[in-house]
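Here is how names work: the chains are called A, B, and so on, in the same order as the sequence lines, proteins then strands, and each is numbered from 1.
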4 protein chains.
Amino acid sequence: MSLVRSRAIAAKAPDPTRRNQQSRQAILRAAFELCSERSYEGTSVEAIAARAGVGKQTIYRWWPSKGAVVMEALNDVVGAASDFPDSGDVIADLRRQMTAVTTLLSSPDFGPVYTGVIGAAQSDPAVAEALAAQIINPRVDACRKRLERAREAGEIRADADLDAAVELLYGPIYHRLLLHTRPPSAEQVNTVLELAFTGLGPARA
Amino acid sequence: MSLVRSRAIAAKAPDPTRRNQQSRQAILRAAFELCSERSYEGTSVEAIAARAGVGKQTIYRWWPSKGAVVMEALNDVVGAASDFPDSGDVIADLRRQMTAVTTLLSSPDFGPVYTGVIGAAQSDPAVAEALAAQIINPRVDACRKRLERAREAGEIRADADLDAAVELLYGPIYHRLLLHTRPPSAEQVNTVLELAFTGLGPARA
Amino acid sequence: MSLVRSRAIAAKAPDPTRRNQQSRQAILRAAFELCSERSYEGTSVEAIAARAGVGKQTIYRWWPSKGAVVMEALNDVVGAASDFPDSGDVIADLRRQMTAVTTLLSSPDFGPVYTGVIGAAQSDPAVAEALAAQIINPRVDACRKRLERAREAGEIRADADLDAAVELLYGPIYHRLLLHTRPPSAEQVNTVLELAFTGLGPARA
Amino acid sequence: MSLVRSRAIAAKAPDPTRRNQQSRQAILRAAFELCSERSYEGTSVEAIAARAGVGKQTIYRWWPSKGAVVMEALNDVVGAASDFPDSGDVIADLRRQMTAVTTLLSSPDFGPVYTGVIGAAQSDPAVAEALAAQIINPRVDACRKRLERAREAGEIRADADLDAAVELLYGPIYHRLLLHTRPPSAEQVNTVLELAFTGLGPARA
DNA sequence: GGGTAATCGAGACGGTACGTCTTGTCTTAGG
DNA sequence: CCTAAGACAAGACGTACCGTCTCGATTACCC
């Protein structure tokens, strides 16, 4: 899985065996650094090439756009989607994972780069596709698998739509993150879990 | 509230009483049209000025950036946040309102412009602030007020955090919309309402 | 003559009796000051209006262009073309007058403004015409009149073309001034007078 | 001499071996054409770039200003300063050369472009320097060399300052050209030569 | 182990848009 | 009606990047 993971967006043609791995690393590193220092929008392909000590053509040979480069750089930073922990207590496991996410998103190094890429995805379908395929879906899948085990264990209603459940849990975090109403936080995670598992409705029976 | 709503971002200095309202309308109209025809990213200030028959300076005099113009145009299109309907059945009212939202977001005229502005908000703090203040918060407030009445009527648990509840309901829609996993839909609204009100946990008692 | 002298370029229409003389003076003064401080090119109508505490319209109402304003300001500074002195020695009189000219042209306050206006005259026929009519021709005339008296006194050949003679005397100064090969100087005046009166040819008979 | 002639003003930095000569020629050609059709002032860098089918940056990469471009274009048109003819009769040679100059300056294609550049030189020191170094000085030198031979041949006084003599001969032409009193002409050349060689003073001895 | 083909750094190129500046006209209030 | 103030349409300025292109100069594979 992880072998193909980080190349879907980069399908451009030339012989990958001749690729200079030092240049590739320098480019990804420069891209992430520049996005952290300035911002996603404030980072140009020219600047990435200059910082990496690389010709612009070397970037355009292997990636279709700035978004694709930063996408891949981001993916290198966060690493592969690991499976969810399974302690037997689904709420504790979700709390752990979701809290880690809000912490990462609040990091000044990572958060703005990530939201920058999501911003770029709104106007660049290739970035949007790569974002969903490489970053979001693997993590949604890992979460849904954990929820499936919880459902089998009776911790979750038997009739729950688990894809929708993942969106119900993470949606509020992205709502805050992307609409800039207030920052996501560990405290929010607790509230969301409580509401989502107990339900908004009045106590039943 | 709605008196000040649509000018927060435009604070730039010159005497507003001398402003040419025809130019203002032509600019907002041109901005929205161009964003609909091409895309947010594909629309330039130059093009807006040309389409509106206006000098570029007239745009830069009154707005700090393209994002601010489109923001205001969008706000004109969607109109003020109306109060939620109150039929006495909170779930029916939410379904009506949330379905209208997903329909609007799925419209090819409106959806891409809206996501474009949200994308711009990720790199432009002024746009982000205007988005929250002018578009999101008024609607969040309206929804929370309806939920408050529902809580008083016993349709919602007495201890529920209603701001979080709004995020719980709308977050899943924005999750799909902005992460481009799958489009928001009326069907999603039903699923979300069912899950959010009943809760993920197993039937109690 | 000198009553109408300085208005030829300004023929624009409105009733001159209603003209505010304080504004006129402030404009001319501001124009000359700004040209001295920055340069002719670096001075804009906006800046002149601002410095003079005057609306731009007040400038455009009375003058057709920046060149016309500076032209008139310059004319105020140098004053009317005075008659040449007549000591009975034409060469001494010319030396006095021409040396005064090179001194004025070398002044950092005046020289650059003057060459700036001559530069503007190369692209603006109205300025060119005003320059010739208001600045150059009156002085050429005064000089020619002095040469006429010298011719009558036998100091100058009876068959000399005196208009050409004036150009012969002042041309070398403007050659240096406008082609920027080397600055005009008092020393140049001596050389020019010597050459022009004695002639380049070998001593006759 | 003529090898280095046409690059003095263009010292801007980039590697000249990589320069696209087709673009260079297209730019110079477009610049001269536009200046002829409209005027020097009425010609913009944008228009030159558009007419030449070239990006603006390509102009700014190799020239510091519009003046520098037109300067070089002009220099290409007039060609290198040729040596003066030497028929043994210095007055005949000067008449030939100076008449050619007044003819060129009276040409509607060339004259206004040339005066436009001289106008620009009054506000742009770089253009002024290039004008002197590339256009004026080579021709002054060629003329002075011819006068030196004439002095050796006894056609000119042994004690004449020949640099001043060149200014004496050409100054009157530029006086008319740049102060716009009346146009330079072949007839003027005759008058100037007669006056300059014979002298203004009464017949000697 | 030499030939050849692709990648590499570098950077010029034709373009587009930026945000600023100035021009000359038009509009508004005040005297 | 003239004035100061300044908004307006127009459009050029010089800069920044875009994505493509052309250069030698290394590579690295194949014969």
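- For the pair C/E41 CD and E/dT23 C1', the computed distance is 14 Å after rounding to whole Å.
- Rounded to an integer number of Å, the gap from CD1 of D/I48 to P of F/dA12 is 12 Å.
- Here A/Q25 pairs with A/D76 under the side-chain contact (heavy atoms from CB on, under 4.5 Å) rule; sequence neighbours left out.
- With sequence neighbours excluded, the residues satisfying side-chain contact (heavy atoms from CB on, under 4.5 Å) with D/A26 are D/A52.
- What separates CD1 of C/I59 from P of E/dC26 is a distance of 18 Å, to the nearest Å.
- For the pair A/D124 CG and F/dC18 P, the computed distance is 13 Å after rounding to whole Å.
- C/Q22 pairs by the side-chain contact (heavy atoms from CB on, under 4.5 Å) definition with C/N20, not counting sequence neighbours.
- In terms of position on DNA chain F, the residue among C/E46 and D/S44 whose nearest nucleotide sits closer to the 5' end is C/E46.
- C/Q134 is not listed as a side-chain neighbour of C/E129, based on a closest heavy-atom distance of 4.5 Å or more.
- The CH2-P distance, from B/W63 to F/dA7, rounds to 14 Å in whole Å.
- Not a single ring pair (Phe, Tyr, Trp, His ring centres under 6.0 Å) links A/F32 to another residue, sequence neighbours left out.
- Proximity of a side-chain donor or acceptor of B/K56 to a complementary backbone N or O of B/A49 within less than 3.5 Å is not detected.
- Non-hydrogen atoms lying under 4.0 Å from DNA chain F are contributed by nothing in residues 27-38 of chain A.
- Partners of D/S39 under the side-chain contact (heavy atoms from CB on, under 4.5 Å) rule, at least two apart in sequence or in another chain, are D/E41.
- Listed by chain and residue number, nothing satisfies the side chain to side chain donor-acceptor pair (under 3.5 Å) test with B/Y40 (two or more places apart in sequence, or in another chain).
- If you measure from atom OH of B/Y60 to atom C1' of F/dA10, you get 15 Å, rounded to the nearest angstrom.
- A straight line from CZ of D/R24 to P of E/dC13 spans 12 Å, rounded to a whole angstrom.
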At a cut-off of 3.5 Å, list every protein nitrogen or oxygen paired with a nitrogen or oxygen from nucleotides 8-10 of chain E, distance to 0.1 Å.
from: E/dC8; atom 1: OP1; to: A/N20; atom 2: N; distance (Å): 3.2
from: E/dC8; atom 1: OP2; to: A/R61; atom 2: NE; distance (Å): 3.0
from: E/dC8; atom 1: OP2; to: A/R61; atom 2: NH2; distance (Å): 3.4
from: E/dC8; atom 1: OP2; to: A/W62; atom 2: NE1; distance (Å): 3.0
from: E/dG9; atom 1: OP1; to: A/S23; atom 2: OG; distance (Å): 3.2
from: E/dG9; atom 1: OP1; to: A/G53; atom 2: O; distance (Å): 3.4
from: E/dG9; atom 1: OP2; to: A/G55; atom 2: N; distance (Å): 3.2
from: E/dG9; atom 1: OP2; to: A/T58; atom 2: OG1; distance (Å): 2.8
from: E/dA10; atom 1: N3; to: D/R18; atom 2: NH1; distance (Å): 3.4

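- Every residue meeting the side chain to side chain donor-acceptor pair (under 3.5 Å) condition with B/R29, not counting sequence neighbours, appears here in chain and number order: B/E33.
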